[in-house]
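Here is the structure we will look at.
Here the structure is a predicted model, which is why all the values come from computation and not from measurement.
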Amino acid sequence: MDTSRYMLLFGFKLFISLVLVFLVSQQGEAVVTTGSSDVRHPIFLQEPEPHNYIVKSKPVTITCQAINAVDITFRCAEEWVPLKRHVRADFTHPETGEAVLQASVEVTRQAVEEYFGIDGYWCECNAWTEIPSPDRPWTGDNPPPAHVSSRRGLVQVAFIRKRFEREPISTSVELEKPVQLHCLPPTGVPPPEVFWLKDGQVINDKEETNFIISNEGNLIISQARLSDQGNFTCGAINVAATRKSESAELIVYVKGAWSTWSQWSDCDSKCGKGFQSRSRTCSNPAPLNNGSPCPGDWEQKVPCTTVCPVDYYHSSTVSSTLGWPVDGGWSTWASWSTCNEDCKHFRRRRCDNPPPQNNGKHCESTDLNITNCTGGLCREFPGSDVYAERTEKPGQDVKDIALYVGVSLAVLVLATIIVIIIFMIRRKDQRQFDMDLGERSLPQYDDEDKKPAKNGAMVQPDLTQTIAPVRTHSLYDQPPPNNNHIDAMEKIPMLNGHTHPVEDSPIIDKKSKHLYIQLPGEEKTDSTEKLTLQKSKASLKSSTSGSRPQSEYDTDNSNRQSVTSNLLPSNIDVEALAWGNITHAGGMLTIPETGVSVSIPEGAISKGNTEEIFIAVCRDDKDRPKLSDKQTILSPILLLGPQGLALHKPVIVSFQHCASQKHGLWVMRVYGSGTAYDEPPAWKHLVTFGEETLNTPIYCQVDTNCCHMMTDQLCRYALIGESMQGTAAMKRLRLAAFAPAVASSIDYSIRVYVVEDTQDAVEGVIQLEKKLGAALLDRPKQILFQDGGNNLCLTIEELAPGWRSKLTANYQEIPFRHIWSGNQNNLHCSFSLEHTDGLQQTVSCKIGVYQKSILGNRAVLQIVSNLTEKVIPSPTVPGKPRASTTVSSSGCSSMVTLDQAQKAFRLPSQIKTKLCAYLDPPNSRGNDWRMLAQALCVDRYINFFASKPSPTEHILDLWEARHREETALTDLMNTLRVMDRFDAAAVLEKELGPWL
């Protein structure tokens, strides 16, 4: 019974539905029945877009419009949106006059990011015909009224990556040939649209039919023209942002083609065989932009014949020119000779009228005529042997004459040689006499100091022994400068405080003669001198008497000024200079904040002498060597002096380098210049690492960031490098950004320096900008720069609102050659920002720096500055010594400063002497100085130490300069123990026990 009732009810409802469908089809209106009421079906006029994007953090608005609806609700991500978030509006349709209901809702970025549904975050609209009431809620017995759902709209967060998946690459194309520049835009939502720019101008591929942008984003040029040559940039744009790739240069080259042949020339022979030619030029068109030259020859020659006149063949000149045989002819007879003892005289003639040529016949008959003298010119000697001999051998007289002439010439040459020898002997005696006179004023040296000078011969060292007397070689064969040209001047000890240790210098009263150094901010007293002296003999005698013994560098100590006033160039910056009085005990000079120092070991200066030694960094562009395209400078330009100072042991010069030995292989060379300090340097190649010989004057130890050079010549030095063949080496650069301490309210200027990654280079630009009143904006950043020709690119990114760059593309490039092989110290570029919003007082942006085609080597400078706050740069205090710097295991200074300097040497003289006595002699176990060099990693060219009288002493001198850390002595003692030299380790433990 129940089943029949349900079937009857189902049939009734089906009938009602068919009637409603019929009515809708007839009247064009949807009518639904709910309970006892009939309503029209809602119709949407506006539905959610299929794709909706949230840009940055701005919410997206979903809007719907419908007629025949009393309410519109939203459902997003399977959940109903609360009614309080709805925004409704009612208006009348302008065309039909029907009432239109509009509703909208905002979707936030947080809601989208927190939803993890498979289909993504979506929203739809629902138009209702009835609003539920509290007294009659929608239940099973009271179903919800009829409603219509709109289409779903997907909501996504819009973005676009910065890096292109594939960037265009510079290429070359032949004229009128097709070319394709590839581009794959970065990932983005929605997918970015690709566009192209040529020389900064957008390419309209619809108007420019020669350009085609493919669906993949590639640019196709149908026929390359010369006007198409330029820089092409790929761009990508969507609702989130616009991105541009690196520019790629398109070069349109032209292959050379020959012009038409010229007319044949006349035959170049006036008589007989010759040649005629024609030519063409490679100008149709001429090669352009490294286009290939024209193939083939530019000239053609063919043989030709010219009819000769009848008398032309009798000319010997013509015959010779044409290569025809010419028979020889006799010249006229010479005059008769005088009569000899045999009463004979003779005469000659030559076969040179003309001489035989081109296999022509020689003259017939004889060239000598001998006859008896007649007319009473001589007496006859019948039966004479000489007469008979000369009659039989008429040519003997000629041979005797040649013999006489040869003997005369030999005697003349011998006499000339004797005269020259006598002259040289007399000159040598005079020179020896002058030297004897000069030696009378020199101090008496100890036997130990005289030993190196006694050995004047060049001796090849025996590498199996530990002591090999080898004559020292000078880098430059030039005499030391004469410093005795100023009379009545006393030598003043230097007063620089960056020496360890030095003898105490006497205090010189201001009224007496004193050393004056012009410092930044002081007024020049003399435009031609940076370092000057004032003198007063009376006070000088009282203050300097007995303070310093005579120097072997001077022949007269009383007639020599300070080395700082006589020798230093006028362009040396006092901030990059260190000097001091060095005695036989040695010392160390350090230029603060530069990582540059020189260690003068004990014994380098003769006993009883004090020498003023200085080291400086040359920061002037004119001091840098001129490099080839493959070479690059890796170190500061160093200047050591005084020139001509004779050292008994090599000093160790330590400085930083910027070669990255982890990336690529380097060929490093040391260059030096021995010219006068105020003259332009004449750089010469001194040594290539790995190619040293026994005659190499210097030894270099290259660590990760530092180089230690042992040399006995004080002059200019520079470390130059280039990539090993087949590799692309990398050097380290430092980026530093500066801006004025007091910024303008209109614009803001940022200077970005690109310098070698050495402490001196960074310190140089910091000091320069301090003098200009600028401040450092961010900590200097390191970036690797690879050999290969790719430029360095700098871009402004994420510029704060209220500012805009005056550059059109926010992009600059520094050519590769300016960085790799340029001659500029402080290379930089500037960015100028324009203030567009006066209320915005904070400047913030990022400066991205990278090398073209090597995007992995990228550095970012973070710029944040408040215009209302005055940035005060650290002032440069004239004359105030800066704090010494800490040292790393490689011997290079770090950025952390200490209040007091460390001692120059860790090993006292007596301990070093004992270690040399233990390790210098070779032994069968091999744990001598050679193993020590290997353990300390200074065995790159061990023959340098083998050629020294005490190899261990020189190895320890180098160890002192390389290892300045506190644990250096402990590490050395452990090294000796690992070598199984407990005797040498016991010396350190006994003598330096409290230190260890």
Side-chain angles (χ1 to χ4, degrees), residues 20 23-25 27-115 117 119-139 142-159 189-190 238-241 801:
L20 290 176
L23 293 175
V24 170
S25 62
Q27 300 180 5
E29 295 181 344
V31 180
V32 294
T33 300
T34 304
S36 60
S37 302
D38 294 336
V39 295
R40 296 180 179 179
H41 190 74
I43 300 175
F44 281 101
L45 301 181
Q46 180 179 349
E47 298 181 85
E49 296 293 334
H51 296 280
N52 303 269
Y53 301 102
I54 299 175
V55 179
K56 295 184 178 179
S57 297
K58 184 178 180 180
V60 63
T61 301
I62 309 297
T63 303
C64 291
Q65 294 178 359
I67 59 174
N68 304 330
V70 295
D71 193 12
I72 297 178
T73 59
F74 290 88
R75 193 161 65 105
C76 296
E78 304 292 347
E79 293 183 359
W80 293 96
V81 179
L83 297 178
K84 63 180 180 180
R85 292 175 50 189
H86 292 57
V87 178
R88 293 180 174 84
D90 297 317
F91 61 92
T92 303
H93 197 281
E95 295 180 358
T96 62
E98 295 181 289
V100 179
L101 178 62
Q102 175 179 300
S104 61
V105 67
E106 288 187 348
V107 179
T108 63
R109 178 171 185 155
Q110 181 180 0
V112 175
E113 291 179 346
E114 291 179 355
Y115 181 72
D119 298 332
Y121 193 94
W122 54 267
C123 289
E124 67 177 11
C125 299
N126 292 271
W128 302 88
T129 60
E130 182 182 346
I131 301 177
S133 60
D135 56 347
R136 191 183 178 192
W138 293 336
T139 61
N142 183 29
H147 69 277
V148 177
S149 298
S150 69
R151 67 185 176 191
R152 292 183 177 183
L154 185 64
V155 182
Q156 295 175 289
V157 177
F159 71 92
V189 174
N238 66 1
V239 294

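Ser104 and Thr63 make their closest contact through CB-OG1, 3.5 Å (heavy atoms, listed as atom of the first residue, atom of the second, distance). Contact record, Ile72 with Cys64: CD1-O, 4.1 Å, taken as the closest heavy-atom pair. Scanning both residues, Ser149 and Phe44, for their nearest heavy atoms gives C-CE1, 3.9 Å. Across all their heavy atoms, Gly120 and Tyr115 have their closest contact at O-CE2, 3.3 Å. Between Ala127 and Ala66 the shortest heavy-atom distance is CB-CB, 4.1 Å. Closest approach of Arg85 to Glu106, counting heavy atoms only: NH2-O, 2.8 Å.
In this structure, Val155 and Ile54 have side chains that are in contact, with non-hydrogen atoms separated by less than 4.5 Å. Residues Val70 and Leu101 form no side-chain contact, since every pair of their non-hydrogen atoms from C-beta on lies 4.5 Å or further apart. In this structure, the side chains of Leu45 and Val100 come closer than 4.5 Å at one or more pairs of heavy atoms. Val60 is not listed as a side-chain neighbour of Tyr53, based on a closest heavy-atom distance of 4.5 Å or more. For the pair Arg88/Asp71, a side-chain contact is recorded, criterion being any heavy-atom separation below 4.5 Å from C-beta on. Between Cys123 and Val105, the closest side-chain pair of non-hydrogen atoms is not below 4.5 Å.
Using the six-membered ring where Trp is involved, His86 and Phe74 have ring planes that are tilted, between 30° and 60° apart.
Atom CD of residue Glu124 and atom CZ of residue Arg75 lie 4.5 Å apart, to the nearest 0.5 angstrom. If you take CD1 on Ile43 and CG on Asn68, they are separated by 5.5 Å, rounding to the nearest 0.5 Å. His41 contributes atom NE2, which lies 11.0 Å from atom CD1 of Ile67 (distance to the nearest 0.5 angstrom). Atoms CD and OH, from Glu114 and Tyr121 in turn, are 10.0 Å apart once rounded to the nearest 0.5 Å. Of the inter-residue distances, the one linking Gln65 atom CD with Cys125 atom SG reads 10.0 Å to the nearest 0.5 angstrom.
Side chains of Thr73 and Trp80: a donor-acceptor N/O pair is absent below 3.5 angstrom, by distance only.
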TODO: Report the C-alpha separation of Asn52 and Val107 in whole Å, then their side-chain angles, then the decisive distance to 0.1 Å, and conclude whether the side-chain contact (heavy atoms from CB on, under 4.5 Å) test is met.
DONE: CA-CA 10 Å; Asn52 303 269; Val107 179; over 6 Å; no
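Atom CD of Gln110 has 12 or fewer heavy atoms from other residues, nucleotides or ligands within 6.0 Å. The number of heavy atoms from other shown groups lying within 6.0 Å of CD (Glu78) is above 12. Within 6.0 Å of NE2 on His51 lie no more than 12 heavy atoms contributed by other residues, nucleotides or ligands.
Formation of a donor-acceptor pair under 3.5 Å by the Arg151 side chain with backbone atoms of Pro50 is not found in this model. A donor-acceptor pair under 3.5 Å links the side-chain atoms of Asn238 to the main chain of Phe159, judged by distance alone.
The side-chain hydrogen bond (donor to acceptor under 3.5 Å, both in side chains) test applied to Glu47 returns no partner, not counting sequence neighbours.
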